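Computed from a prediction, not measured in an experiment: that's the story for all the values here. Atoms within each ligand, like the ligands themselves, are counted from 1 in listed order.
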Amino acid sequence: MRIIAVMNQKGGVGKTTTTLNLSHALAMSGKKVTVIDMDPQGQLTMSFNIDQTSNPGIAGAMLSDVPINDVMVQVEEGLNIVPAGLRLGEMENLTKGGGTRGWMLDKVVKQITDQDVLLIDCPPSAGMLGMNSLFACNEVLIPVSSDYLGLHGVSRLFAILKHIEKALGTNKKKWLLVTRYNQRRKLTKDVVNKLEEYFSDQMLNTRIRENVSLAESPSFGKSIFDYNKRRHGAEDYQALEFEFLEGYAKTYDS
Ligand SMILES: Nc1ncnc2c1ncn2[C@@H]1O[C@H](COP(=O)(O)OP(=O)(O)O)[C@@H](O)[C@H]1O
Ligand SMILES: [Mg+2]
């Protein structure tokens, strides 16, 4: 089972958009996929049209040992979501539990055995919940928005990951995904050039273009494929799914 944490301590870079649409693309190609909403803001949960007032979510599974099957909701054939749960916010400040508190998600995730891919939508912080996501995953997908020259933030994230992984004794595969790509914008070109200069080994070829349908679809409770599958957004997330699963990479003219 591939367990992929969609992670970046910066907000607004496309973590939730990527988790939502990549999960649908994977399910469409016949994979069994489960997404976990690890952001207390619950935006992923909302884009799946789930009311979490009656579902303890991943917070319940981590804090009160609620079995994962009791909180998992099937959205369609092959696609499940574990909602955030209202208590997830409390956990960011949790200090009890000593050395085990980073492993709570890992313990829960070990109950899931029959899926092909698990996607974890992380909060925009490197705190407790991000740590749990990192410990539980075996790959890290880092969306980077090309409408902002945030190289410093990406370098910092890599430094944090390296530091923690050294302590864990792991070396998880890391992928960088360029989002909000706009070929005509100079800033986009600068961001992509810099990323290629420093992180060429981690860069995915697929780029997610700036596309208004991607921003609109979650408020209708839909993925890009149900909302408007003829738009760039659908094409790009399909391409991401191909690259991820089949190693097939799209090429771009620069
Ligand atoms: N490729 C894109 N084109 C246009 N808007 C996008 C794109 N990706 C994300 N957005 C929008 O940008 C905002 C932040 O994206 P989101 O996925 O919520 O980021 P994060 O989860 O990293 O905070 C949202 O309003 C989202 O709809
Ligand atoms: Mg988000």
Practice task
Answer yes if the side chains of T17 and Y237 hold a donor-acceptor pair under 3.5 Å, and no otherwise.
Solution key: no
Handout entry: Donor-acceptor side-chain pairing of T206 and E243 below 3.5 angstrom
Key = yes
Show me the donor-acceptor pairs within less than 3.5 Å that the side chains of residues 22-36 make with the rest of the protein, sequence neighbours left out.
unit_1	atom_1	unit_2	atom_2	d
S23	OG	T19	O	3.1
S23	OG	L20	O	2.7
H24	ND1	L20	O	3.0
S29	OG	L26	O	3.0
S29	OG	E241	OE2	2.7
K32	NZ	D114	O	3.3
T34	OG1	N80	ND2	3.3
T34	OG1	Q115	OE1	2.8

Problem - Donor on one side chain, acceptor on other, E210 and Y181, under 3.5 Å - result: no
Exercise for the section: Please determine if E139 and K174 form a salt bridge, counting it only when a charged side-chain N lies under 4.0 Å from a carboxylate O. Expected result: no
Problem - Parallel, tilted or perpendicular: rings of W103 and F135 (30°, 60°) - result: tilted
Exercise for the section: Only counting residues at least two apart or in another chain, list the ones meeting salt bridge (charged side-chain N to carboxylate O under 4.0 Å, His left out) with E92. Expected result: none
Practice task
Answer yes or no: is there a side-chain heavy-atom contact under 4.5 Å between L204 and L176?
Solution key: no
Problem - Donor-acceptor pair between T188 and N182 side chains, under 3.5 angstrom - result: no
Practice task
Check each protein residue for a heavy atom under 4.0 Å from ligand 1 and list those that pass, ordered by chain and number.
Solution key: G11, G12, V13, G14, K15, T16, T17, R180, I208, R209, E210, N211, L214, A215
Problem - Proximal protein heteroatoms (N, O or S) of the Mg ion (ligand 2), under 2.8 Å - result: T16 OG1
